[in-house]
2 protein chains.
Amino acid sequence: MTHARNLDRPTIGTVARQARCSPATVSRVINASGPVSADARARVERAVAELRFRPDVHGQSLRSRRYRAIGVVVPSYTNPVFANSLAGIESTARDAARMVFTAATDYAPERELAIVEGLLAQRPEGLLLTVADADRCEALDRLDRARVPYVLVHNHPADSRRHAVAVDNFGASRDITAALIAAGHCRFAYVSGSFRTTDRGRRRFDGCVAALAQAGLPPPALAELDYMGSPQDHRRDLTALLGGGETPTALVCSNDHLALSVAAAVRTLGFSVPDDISIAGFDGIAIARLMTPSLATVETPTQAMGAAAMQRLLRLIDGERPAATVELFPYQLRSGGTCSAAPSDQTGGERRRATTT
Amino acid sequence: MTHARNLDRPTIGTVARQARCSPATVSRVINASGPVSADARARVERAVAELRFRPDVHGQSLRSRRYRAIGVVVPSYTNPVFANSLAGIESTARDAARMVFTAATDYAPERELAIVEGLLAQRPEGLLLTVADADRCEALDRLDRARVPYVLVHNHPADSRRHAVAVDNFGASRDITAALIAAGHCRFAYVSGSFRTTDRGRRRFDGCVAALAQAGLPPPALAELDYMGSPQDHRRDLTALLGGGETPTALVCSNDHLALSVAAAVRTLGFSVPDDISIAGFDGIAIARLMTPSLATVETPTQAMGAAAMQRLLRLIDGERPAATVELFPYQLRSGGTCSAAPSDQTGGERRRATTT
DNA sequence: CTGAAAGCGCTTACAG
DNA sequence: CTGAAAGCGCTTACAG
């Protein structure tokens with residue numbers, strides 16, 4: 001009668017017995033960590049295969065003080081931006097024989113520390129994170145103290161003693177705004193979640209403002225929406241912005257996810273996109289290209305950024321000590337059907353009456 | 001001079017010394033696993049806080065033979081369906097104090113076994129998986145032999161000795177096809193990835209065929225697209241289907257992700273959606289509702305399904321032995337602008353000429 | 001209520 | 001090239 005308990009999973013001792021050698025020799029074969037005779041190696045390999053032996057990582061990690069696992073913190077799984085970087089991260093990790101722990105903050109900065117603590121208890125080799133604000137983040141301070149290597153993804157710390165992989169959020173936002181100015185727009189609104197609380201949100205906003213200032217235009221009207229809200233919520237929030245006489249003709253949105261929802265909301269308010277109102281996003285999520293009209297946006301290589309962050313982390317783990325820098329990936333403006341020339345009757349005053357559908 | 005090595009992370013021994021007690025007492029406090037005097041408890045709690053002590057999970061797991069971690073296998077992170085179930089899984093896991101390992105198969109069944117082996121080496125309490133075909137899957141056979149509990153998500157095994165959380169793919173696909181038939185369509189095509197290789201793909205296809213048969217209509221034309229391909233690829237693949245004289249008026253797509261790409265491709269071929277061709281999806285991803293026209297589809301509660309699968313797994317881990325069943329979640333037809341009544345000139349013959357844009 | 005001791009599955013100097 | 005022994009950080013009977 002066999003023990004039900006864990007089905008007697010083989011240990012290194014089981015393998016050693018079957019291969020007629022010591023556990024040390026089995027370990028040397030498995031890890032290629034020392035000289036083993038061809039004969040012994042063959043016996044061990046045979047036993048490993050027959051028993052389907054895989055060393056227990058807890059035993060390995062405890063003794064060797066090395067656990068080939070990476071902790072990953074994302075704000076959300078369902079935003080395609082983070083899904084993409086996660087895909088890049090995990091596939092690179094797999095190639096490097098690393099397991100990946102994932103945890104989502106649900107955009108709540110106050111959860112970041114607890115999540116990082118939970119991850120640290122696993123004793124990973126390092127972490128990859130997208131946090132709200134890399135310049136004021138207890139979780140990162142904790143990692144610094146614990147001397148656990150980490151790389152930020154999408155964050156853009158001002159204090160660049162932190163490793164990060166990002167795009168030039170300021171420049172990209174400035175450029176896409178400038179493109180709208182060039183298309184004749186002069187009444188802008190900036191639509192975002194609570195952008196003050198994230199470093200990339202602030203940079204994107206600042207880029208928009210900078211482009212307008214450079215063109216001698218007033219700063220954008222502001223619409224701060226609940227990022228997690230429904231299109232119905234967004235429609236409600238946009239009513240004030242679009243109901244007045246000075247309706248903006250161009251909405252610069254802080255990200256694509258939001259821009260898609262805003263486009264839908266604006267349409268149900270009775271405006272045409274882009275004939276009445278042009279809409280620009282940020283990120284370049286694949287699905288936004290499939291819409292008709294397609295979303296004008298800033299294309300960012302999110303998956304490659306995830307992969308690059310993982311590669312950088314692997315270098316840190318291997319003991320390299322490159323200067324901490326924010327590695328900026330190239331972005332690209334993607335023109336799209338949601339942006340067109342400004343309407344010709346842009347003299348202000350009463351425009352099309354907003355109607356709810 | 002302190003050791004650089006791992007910053008001398010405190011161990012249970014460090015805490016014991018500082019609290020003037022034995023490691024056993026510290027362990028009892030941390031795990032609430034035995035009687036401790038109020039006084040000793042206070043000293044330990046103080047020391048734990050001061051030292052920021054978190055027990056090393058490898059030590060805990062090795063000794064207690066219990067590791068509060070779950071392995072999750074998804075086909076892809078970037079398909080919103082799996083991103084959603086992952087979100088449901090991870091948030092439920094967090095509430096139950098479980099860490100989550102994630103790995104993607106990239107839709108390649110041949111990677112499933114290796115991924116599961118890697119996960120098993122971590123000694124997780126259980127696994128949650130979405131595999132290609134739950135009826136023929138080495139990875140699942142392996143899990144059965146290892147007696148590691150697992151629950152399938154989205155899979156729909158015929159052999160229901162396996163725990164699964166899914167929707168009635170057959171019924172839902174039959175229903176949405178029937179709705180198109182009721183709208184007057186009689187020339188159908190079924191558009192999918194390589195549906196023969198996944199259990200849910202087969203059921204969805206069968207449901208479509210069944211609805212047509214019941215209405216006395218011929219089976220659908222078939223377009224098997226590379227699911228991971230670009231819209232350009234899809235346009236190329238659809239040219240043959242739509243170029244002939246007997247152009248279908250209704251495309252039933254095996255999932256929303258594909259349906260969005262197909263809708264874009266069909267439009268660039270010169271057809272109007274839905275005036276010339278109606279398109280139906282499957283899954284109910286949020287973003288498809290934002291499109292104009294919105295995607296008609298089958299809404300499935302993907303996040304709730306992930307959460308339910310995790311809950312079921314937790315029960316299995318706790319030693320409950322409920323009969324293995326496929327738990328079917330309710331689905332809902334979502335009408336949308338991509339589906340309309342069949343065009344009136346449905347007498348066959350040459351329709352609108354396909355043009356490439 | 002408390003602590004000493006054993007041991008989980010491994011790896012790694014060390015001695016041969 | 002090989003194995004005996006120690007020990008990684010914990011938990012858990014066991015004895016008191």
Side-chain angles (χ1 to χ4, degrees), chain A residues 3 5-45 47-48 51-69 120-125 146, chain B residues 3 5-45 47-48 51-69 120-125 146:
Chain A
H3 288 204
R5 189 249 266 259
N6 227 1
L7 207 71
D8 294 322
R9 198 190 283 285
T11 72
I12 203 170
T14 323
V15 177
R17 221 170 304 122
Q18 178 150 340
R20 302 187 312 281
C21 66
S22 74
T25 297
V26 176
S27 175
R28 287 188 192 104
V29 172
I30 288 169
N31 302 299
S33 59
V36 181
S37 68
D39 188 49
R41 178 184 311 280
R43 292 200 314 277
V44 169
E45 279 166 352
V48 164
L51 294 165
R52 285 190 160 76
F53 173 72
R54 297 274 310 232
D56 183 319
V57 295
H58 301 301
Q60 290 186 307
S61 305
L62 196 56
R63 174 58 227 245
S64 69
R65 309 188 138 292
R66 150 152 247 206
Y67 181 33
R68 293 180 167 271
L120 282 180
Q122 317 298 314
R123 306 295 189 260
E125 292 177 290
Chain B
H3 288 202
R5 189 249 265 259
N6 229 3
L7 206 70
D8 293 324
R9 197 191 285 283
T11 71
I12 202 169
T14 323
V15 177
R17 221 170 303 124
Q18 178 149 340
R20 303 185 314 279
C21 65
S22 74
T25 297
V26 176
S27 175
R28 287 187 193 104
V29 171
I30 289 169
N31 301 299
S33 58
V36 181
S37 68
D39 188 50
R41 178 183 312 283
R43 292 200 314 275
V44 168
E45 279 166 353
V48 164
L51 294 164
R52 285 191 159 76
F53 173 72
R54 296 277 309 233
D56 183 319
V57 296
H58 300 302
Q60 290 187 305
S61 306
L62 196 56
R63 174 59 226 245
S64 70
R65 308 187 138 293
R66 151 153 248 205
Y67 181 33
R68 292 180 167 272
L120 282 179
Q122 318 297 315
R123 305 298 188 258
E125 292 177 290

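Here is the naming used below: chain letters follow the sequence lines, and residue numbers restart at 1 for every chain. Computed from heavy atoms alone, side chains included, the values below leave out hydrogens, waters and symmetry copies.
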Separation of [X] atom [atom1] from [N] atom [atom2], in whole Å?
X       : N      : atom1 : atom2 : value
B/Arg20 : C/dG3  : CZ    : P     : 11 Å
B/Arg66 : D/dT12 : CZ    : P     : 10 Å
B/Arg68 : D/dC10 : CZ    : P     : 17 Å

P-based separation of D/dG9 from D/dA13 [nearest Å]:
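Straight-line distance between the two P atoms is 23 Å.
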Pairwise C1' distance, D/dT12 and D/dG16 [rounded to whole Å]:
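D/dG16 and D/dT12 have their C1' atoms separated by 16 Å.
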Contacts under 3.5 Å, N or O only, protein and nucleotides 7-9 of chain C:
{"unit_1": "C/dC8", "atom_1": "O3'", "unit_2": "B/Arg65", "atom_2": "NH2", "d": "2.8"}
{"unit_1": "C/dC8", "atom_1": "O2", "unit_2": "B/Arg63", "atom_2": "N", "d": "3.1"}
{"unit_1": "C/dG9", "atom_1": "OP1", "unit_2": "B/Arg65", "atom_2": "NH2", "d": "2.3"}
{"unit_1": "C/dG9", "atom_1": "N2", "unit_2": "A/Gly59", "atom_2": "O", "d": "3.0"}

Pairing string, 5' to 3', for DNA chain C - Watson-Crick or wobble contacts under 3.5 Å, brackets [ ] where pairs cross, | to another strand:
|||.||||||||.|||
Could you tell me whether a side-chain N or O of A/Ser27 sits under 3.5 Å from a main-chain N or O of A/Pro23, the two making a donor and an acceptor?
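No; judged by distance alone, with no hydrogens or angles, the pair does not exist.
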Report the distance from atom CG of A/Leu62 to atom CZ of B/Arg63, rounding to the nearest 0.5 Å.
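Atom-to-atom, A/Leu62:CG and B/Arg63:CZ are 13.0 Å apart.
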Within residues 26-45 of chain A, find the residues that approach DNA chain C with a heavy atom at under 4.0 Å, and present them sorted by residue number.
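Residues of residues 26-45 of chain A that come under 4.0 Å of DNA chain C are, in numerical order, A/Ser27, A/Arg28, A/Asn31.
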Given D/dG3, is OP1 or OP2 found less than 4.0 Å from the side-chain N or O atoms of A/Thr25?
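Result: yes.
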Taking only residues two or more places apart in sequence, or in another chain, which ones meet B/Arg54 in a salt bridge (Lys or Arg N to Asp or Glu O under 4.0 Å)?
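B/Arg54 satisfies salt bridge (Lys or Arg N to Asp or Glu O under 4.0 Å) with no residue once adjacent residues are dropped.
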Return the set of residues passing ring-ring contact (aromatic ring centres under 6.0 Å, His included) with B/Tyr67 (not counting sequence neighbours), or none when no residue passes.
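Scan of B/Tyr67 (ring-ring contact (aromatic ring centres under 6.0 Å, His included), adjacent residues dropped) gives A/His58.
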Residue list, side chain to side chain donor-acceptor pair (under 3.5 Å) with A/Arg28, at least two apart or on another chain:
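A/Arg28: no side chain to side chain donor-acceptor pair (under 3.5 Å) contacts found.
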